[in-house]
Amino acid sequence: MHEINPPQDIEQLKQRVQIIAGMTLSELAVSVNISVPDDLRREKGWVGQLVEKVLGATAGNKAEPDFINLGIELKTLPIDKKGRPSESTYVCVVPLKHTKGLHWENSLVKAKLNHVLWIPVESDKQIHLANRKVGMGIFWQANNETELALADDFNEFIERISLGEVESITADQGNLLQIRPKAANASVVTQGIGDEGQFIKTLPRGFYLRPAFTKKIISDWRSGTQ
DNA sequence: GGATGATCATAT
DNA sequence: ATATGATCATCC
C-alpha cells in the first residue's frame, strides 16, 4: 500500500473529500492498510489520524496547518445521533510564555482557523467504530464578525496569561474559544508566568473551540447560508 | 445531557 | 518537554 501524497490544489482535495463522503471508517482503514481498534479509549486520535492519511495530509506534529501548501487545517468533527458535535475541537497549545508582542494577527490560532476543512464523522457509541460513516466535508472560513469574536477571546486569554493569571483561567472563560488542560496527565508541567512575573511550573493548556460554535458552523452549512 | 478537567497514543 | 491527533470520565 502506497502513501497518499498531499493534494496539489484545493480542487484535488475537494475531489478526495467527495469520494470519502458516505464511506465507513472500516472502508477508509482498508484503503490505507491500517486496522480498526475496538474503541477509542486508548487511541483517542485514531479517527483524525485515519482521515489525515486518507486525504494525504502531512502526518506529523508540526505547529502549522495540515495542508500547509493550501493553508488549510483538517479537523474531524464527531457528530452525535442528533447531528450535533459531541465534543469540543482542539486547536493548538496555548503559549504560556513569550506572550509579549503576541496578538491575534500573528497567532497560531488564527493561522489554523483561517481555513478549516471539517470532516463530520459519526460518534454515536451504539454504532461500532468500524461502521461509523464519514459525512460531506465542509470548507469553512470565518466571516468578519466571527473572526472578531475569536480575536476577542484570544486577546483576553493572552492578556491574562501575560499578567500571570494562567492558573486561575477556567474553561468557563471565552465565548467561542476556551482553554483547558492538554497533557498526558495532571502531573505534566511546562513553564509559565506566575502572579509576580516569575516563571512557574504549570500544566500545559490547549485552545479548544466550544461545541456550540462548531454546531453553528454545520447548521449554517446545512441551511446553505454559510 | 452537557461541560469541565483529565487522559491516551505517538513523534520529535 | 512539546507538539500533533482527540475522547474519556466525572460532576453538575
Side-chain angles (χ1 to χ4, degrees), chain A residues 3-4 6 25 28-29 32 34-68 72-99 107-109 111-113 116-129 132 134 153 157 161 166-192 199-216:
Chain A
E3 295 265 313
I4 295 173
L25 297 183
L28 293 187
V32 290
I34 64 174
S35 55
V36 183
D38 292 334
D39 57 61
L40 298 174
R41 277 183 298 183
R42 302 196 71 81
E43 291 181 69
K44 297 176 181 178
W46 184 82
V47 175
Q49 289 164 345
L50 170 65
V51 175
E52 278 188 341
K53 279 194 174 185
V54 169
L55 294 181
T58 315
N61 58 347
K62 287 175 285 193
E64 61 185 30
D66 295 289
F67 302 104
I68 186 65
I72 295 175
E73 172 72 11
L74 173 65
K75 290 292 180 197
T76 56
L77 192 57
I79 302 295
D80 67 19
K81 61 178 68 175
K82 293 178 181 173
R84 300 181 294 208
S86 53
E87 292 285 354
S88 58
T89 301
Y90 169 69
V91 181
C92 62
V93 165
V94 177
L96 298 182
K97 54 178 182 177
H98 307 316
T99 52
S107 71
L108 184 55
V109 179
K112 289 203 168 194
L113 298 185
V116 180
L117 168 56
W118 300 97
I119 303 291
V121 179
E122 288 178 330
S123 63
D124 180 359
K125 285 187 168 57
Q126 293 182 351
I127 308 172
H128 189 284
L129 183 59
R132 295 181 196 172
V134 171
D153 280 349
F157 282 128
I161 291 165
V166 60
E167 300 202 299
S168 58
I169 294 175
T170 69
D172 297 320
Q173 190 185 337
N175 296 122
L176 309 183
L177 286 170
Q178 64 181 173
I179 285 180
R180 306 214 309 276
K182 174 61 175 171
N185 58 66
S187 65
V188 174
V189 290
T190 188
Q191 199 168 56
F199 284 122
I200 58 169
K201 290 291 188 183
T202 190
L203 186 61
R205 324 289 165 109
F207 282 116
Y208 296 80
L209 295 173
R210 294 183 179 280
F213 180 57
T214 50
K215 176 187 174 185
K216 185 173 189 314

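Quick note on labels: first sequence line is chain A, next is B, and so on, each numbered from 1.
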What nucleotide among B:dA3, C:dA6, B:dA6 has an atom nearest to a side-chain atom of A:P211?
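Shortest atom-to-atom distance from the side chain points to B:dA3.
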From C:dG5, B:dT4, C:dA1, nucleotide with atom closest to A:E52 side chain
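Shortest atom-to-atom distance from the side chain points to C:dG5.
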According to a strict under-4.0 Å criterion, is [X] in side-chain N/O contact with OP1 or OP2 of [N]?
X: A:T76; N: C:dA6; result: yes
X: A:R41; N: C:dC8; result: no
X: A:R42; N: C:dC8; result: no
X: A:K75; N: C:dG5; result: yes
X: A:K112; N: C:dG5; result: yes
X: A:T190; N: C:dT2; result: yes

Can you measure [X] atom [atom1] to [N] atom [atom2] for me and round it to whole angstrom units?
X: A:L74; N: C:dT4; atom1: CG; atom2: P; value: 14 Å
X: A:D80; N: B:dG1; atom1: CG; atom2: P; value: 10 Å
X: A:K182; N: B:dA9; atom1: NZ; atom2: P; value: 13 Å

Is A:P78 touching bases, backbone alone, or none of the nucleic acid, heavy atoms closer than 4.0 Å?
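The answer is sugar-phosphate, as A:P78 gets under 4.0 Å only of primed atoms, P, OP1 or OP2.
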Passing option when A:Q178 is tested against A:R205, A:Q173, A:R210 for side-chain contact (heavy atoms from CB on, under 4.5 Å):
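So, applying the side-chain contact (heavy atoms from CB on, under 4.5 Å) to A:Q178 and each of A:R205, A:Q173, A:R210, only A:R210 qualifies.
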